[in-house]
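Quantities reported herein were computed from a predicted structural model and do not represent experimental measurements. When a residue number appears, it is its place in the shown sequence, counting from 1.
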Amino acid sequence: MRLVLQRVSKASVSVDGEVVASIDRGLLTLVGVEKGDDATVVRWCADKLAALRVFEDEEGRMNLAVKDVAGEVLAVSQFTLAAAIRKGRRPSFNGAAPPEAAAPLFDLFVGRLREETGLAVPTGRFGAQMEVALINDGPVTFVIEKRPVSSGSSADE
């Protein structure tokens, strides 16, 4: 699973010109579900995001998590995060989980985030062509990656 987190002052997702989800201060989270991802990986990623201290405290240090600042999380499924681009000129999406496997794992991720943060966690529309608008605060952007233990690698720092 691969997440791209952007600390935002506001963000929104639109489908067919209609805003389907929006947040003010918080984290826009792009979520890429990969083949082999499972509930353990999803829970680890959600817990990591919920506890990640990327908001500034009164001394200007990144020392607060999203729930500490009464922030929000907007989760958007993005299969292109699973793309392989090392070879050739066209991305390969062979590493992306198929929609029938990715959708329930994305839902599990959102549910776990809601449990861990107590936040509503609005989402984009899974599988839809979406437009994402944001104002990146900082700019501050992080990537979280976690591979299943069975894959032989663990990019989980």
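Note: the hydrophobic cluster containing V19 does not contain V76 (ILVMFWY, side chain heavy atoms under 4.5 Å, direct or indirect links). Placement of L28 and I135 in two distinct hydrophobic clusters is found when ILVMFWY residues are connected by side-chain heavy-atom separations under 4.5 Å, directly or transitively. Cluster membership check: V15 shares its hydrophobic cluster with L74, using side-chain heavy-atom separations under 4.5 Å among Ile, Leu, Val, Met, Phe, Trp and Tyr.
Distance check: E145 CD to C45 SG gives 9.0 Å after rounding to the nearest 0.5 Å. Expressed to the nearest 0.5 Å, how far CD of E72 lies from CD1 of I23 amounts to 5.5 Å. Between the CZ atom in R112 and the CG atom in L49 there is a gap of 12.5 Å [rounded to 0.5 Å]. For the atom pair CD1 (I85) and OG (S92), the distance works out to 11.0 Å, reported to the nearest 0.5 Å. Expressed to the nearest 0.5 Å, how far CZ of R43 lies from CG of L105 amounts to 10.5 Å. Atoms CE and NZ, from M1 and K48 in turn, are 15.0 Å apart once rounded to the nearest 0.5 Å.
A pairwise comparison of heavy atoms in G32 and D37 identifies O-OD2, 4.2 Å as the closest pair. Contact record, P122 with S22: CG-O, 4.0 Å, taken as the closest heavy-atom pair. Taking both residues in full, the closest heavy atoms of R7 and V54 are given as NH1-O, 2.8 Å, listed atom of the first, atom of the second, then distance. Taking every heavy atom of both residues into account, V8 and L27 meet most closely at CG2-N, 4.4 Å. A pairwise comparison of heavy atoms in D137 and S9 identifies CB-N, 4.0 Å as the closest pair. Among all heavy-atom pairs drawn from A75 and V121, the shortest one is CB-CG1, 4.2 Å.
Within the structure, every pair that satisfies the ring-ring contact (aromatic ring centres under 6.0 Å, His included) test and touches residues 77-135, not counting sequence neighbours, is listed here: F79-F93.
With contacts defined as side-chain heavy-atom distances shorter than 4.5 Å, the pair R53/M62 does not qualify.
Looking at K67, its side chain does come within 3.5 Å of a backbone N or O of E116 through a donor-acceptor pair. Counting only distance, with no hydrogens or angles, the side chain of D107 and the backbone of P104 share no donor-acceptor pair below 3.5 Å.
Within 6.0 Å of the CD atom in E115, the count of heavy atoms belonging to other residues, nucleotides or ligands exceeds 12. Within 6.0 Å of atom CD in E100, more than 12 heavy atoms from other residues, nucleotides or ligands are found, so the atom counts as buried in its surroundings.
Looking at L30, V132, V33 one by one, the single match for side chain to side chain contact (heavy atoms under 4.5 Å, CB included) with Q78 turns out to be L30.
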D38/V41 under side-chain contact (heavy atoms from CB on, under 4.5 Å): CA gap, chis, key distance, verdict: CA-CA 5 Å; D38 58 19; V41 168; 3.4 Å; yes

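Using a cut-off of 4.0 Å between Lys/Arg side-chain N and Asp/Glu carboxylate O, E34 and R147 are scored as salt-bridged.
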